[in-house]
Structure formats: C-alpha cells, structure tokens
S.K.: 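One structure coming up, written as structure tokens, with questions to follow.
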Amino acid sequence: MTELRLTTAYFAVALIEIVAEYFRDIHPYALYVIYAMKPLILIVLALLYWKTSPNVNRLYLAALSFGWLANLFFISQDFNDIFVGALLFFVYRALSIFIVMKHIKLPGIFPIVIGCVPFLFIYMYLVNLTYDTIGEGLVIFIVQCIMVSFLGGLSVGNYMLRSNRASTLLLMSTLFFAVTQFIFVVRLYYVNVNIFQPVAMVLYVIGQYMFYKFLVLSEDKKANVHIMNHLVKDSEIV
C-alpha cells in the first residue's frame with residue numbers, strides 16, 4: 001500500500017511540474033510551481049526506493065541527491081547555473097553507471113561497442129547541429145554524451161545477453177534519458193519550442209521510474225540468490 005501511495009505521489013507531483021513547464025512562459029505563477037514541485041520529484045522517488053528496496057543502496061540515494069541538486073540549477077535559464085547543473089548531473093550519471101555495472105553481468109567489448117554506436121551517431125549529429133552556439137559548454141556536453149553512450153552500450157549489451165524484465169527496464173530508461181538530453185540541448189542551443197521542456201520532463205520522469213524499478217528487481221534477484229545459497233548450505237550441513 002505504501003508503494004502504491006508513493007508511486008501515485010511521484011507521478012502526481014511530476015504531472016503538476018510538467019503542466020507548469022508548459023505554462024512557464026505564459027503564466028506568471030508557473031515558475032513558482034516549478035520551483036516547488038521539481039525538487040519533490042526525486043525526493044519522492046528516493047522515499048519510494050527506501051520503502052521498497054530489499055537492500056537499500058546508499059550509492060543510489062547519493063546519485064539521486066546529485067540529480068536533485070542538478071535539477072535545482074536547471075530551473076534557471078542562466079548559462080552559469082546550467083553549467084553547474086551539468087557538472088552535478090555528471091556526478092549523478094557517473095554514479096548511475098557504476099550502479100549499473102554492479103547489478104548486471106558485464107557483456108563483452110563487442111556488444112558494448114555495438115550498443116554505443118546508435119547513441120554516438122545521434123550525439124555526433126547533435127554536436128554538429130549546435131557546435132556554433134554551444135560555446136563553453138561543448139566539453140561538458142561531449143563528456144555527457146560519452147557517458148550516456150557508454151550507459152547505452154551497457155544497456156544494449158545486457159539486453160542482448162538476457163532479455164528479461166530488468167534488462168528491458170534498464171534499456172528503456174537509458175533510451176528515455178538519451179532523448180531527454182537530446183531535447184534539452186536542442187531547446188537550449190538550437191530552437192526553443194514551448195512543448196520541448198514538458199516532453200523532456202515526461203521522458204525524464206518515466207526514465208527515472210524505470211531505472212528505479214530496474215534497480216529494485218536486480219536487488220530482489222540478488223536477495224533471492226543469496227537466500228537460495230544459504231538454504232543449499234543449510235541442507236548440506238543437515
């Protein structure tokens with residue numbers, strides 16, 4: 001029951017924030033709603049994870065903390081704030097990759113490279129599209145692209161080896177994060193259409209939830225394996 005309530009709260013808060021994003025340039029109070037709701041999204045997700053995880057991973061909670069701080073800076077339209085947010089999000093992404101590597105059986109080099117190619121191709125096109133205007137943010141953007149592409153390679157490689165529910169959720173969340181970053185950069189440096197930010201937030205919110213579900217499923221599997229190993233050892237002793 002707690003999981004259902006927190007899940008409902010997560011998507012309810014996200015929905016309010018997404019609507020406010022749409023009216024950001026139209027209604028004067030929309031920005032206040034964004035400042036109130038956007039920080040709550042990852043806070044509720046952290047609570048949901050804390051209540052449902054069989055073995056709470058504090059590294060994931062740390063990653064969410066950096067993501068939470070990044071979101072605060074991303075609310076601003078100022079380049080310096082966005083740059084700081086990008087640095088914080090870099091830490092979030094690095095921690096996320098480390099968590100994924102701890103919870104999957106790492107595929108070989110070839111599946112990872114194959115999985116990286118589509119992401120790198122899209123981001124190379126995006127760099128070419130925004131190169132003249134991205135300026136000082138080019139280096140941090142390229143690093144972010146490499147990290148997302150590597151995460152994509154891990155996700156695709158893992159899915160190729162075992163297409164279970166957890167690997168599907170990981171792959172889908174990575175795809176959603178990649179599209180979110182693509183939209184964010186296009187909106188910031190190329191063309192700003194009102195619908196871009198709400199769409200990006202929809203993908204971000206669903207991607208975060210999918211990643212959380214992937215992590216919990218992976219932890220459940222590890223916990224079950226641990227229990228089975230103990231039962232086998234106990235039966236051998238008897």
S.K.: Is there a side chain to side chain contact (heavy atoms under 4.5 Å, CB included) between Y22 and I18 once you walk through the steps?
M.R.: CA-CA 6 Å; Y22 181 79; I18 290 164; over 6 Å; no
S.K.: How many angstroms lie between OH in Y92 and CZ in F89, if you round to the nearest 0.5 Å?
M.R.: 5.5 Å
S.K.: Does any donor atom in the side chain of Q208 or Y204 lie under 3.5 Å from an acceptor atom in the other side chain?
M.R.: yes
S.K.: With M201 as reference, evaluate I41, I183, I206, T180 under the side chain to side chain contact (heavy atoms under 4.5 Å, CB included) test and give the passing residue.
M.R.: I41
S.K.: With rounding to the nearest 0.5 Å, note down the distance linking CG in L120 to CZ in F150.
M.R.: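 The CG atom of L120 sits 11.5 Å away from the CZ atom of F150.
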S.K.: Strictly by modelled atom types, are N158 and S155 linked by a side-chain donor-acceptor pair under 3.5 Å?
M.R.: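 No, no side-chain donor-acceptor pair sits under 3.5 Å.
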S.K.: What distance separates F211 CZ from Y60 OH, expressed to the nearest 0.5 Å?
M.R.: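 That separation rounds to 6.5 Å.
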S.K.: Just verifying a value: how many Å separate K213 NZ and M172 CE, rounded to the nearest 0.5 Å?
M.R.: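 Answer rounded to 0.5 Å: 15.5 Å.
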S.K.: If you count heavy atoms of other groups shown closer than 6.0 angstrom to CZ of F11, is the number above 12?
M.R.: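 It does: F11 CZ has more than 12 such atoms within range.
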S.K.: Measure the spacing between OH of Y49 and OH of Y209 and express it to the nearest 0.5 Å.
M.R.: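 Separation between the atoms: 14.5 Å.
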S.K.: Linking I/L/V/M/F/W/Y whenever their side-chain heavy atoms sit closer than 4.5 Å, directly or via other members, would I146 and M101 fall into one cluster?
M.R.: yes
S.K.: Give the C-alpha distance, both sets of side-chain angles, the deciding distance and a yes or no for side chain to side chain contact (heavy atoms under 4.5 Å, CB included) between V56 and W50.
M.R.: CA-CA 6 Å; V56 174; W50 183 272; 3.7 Å; yes
S.K.: From F90 CZ over to L95 CG, what is the distance, rounded to the nearest 0.5 angstrom?
M.R.: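 So the gap between those two atoms works out to 10.0 Å.
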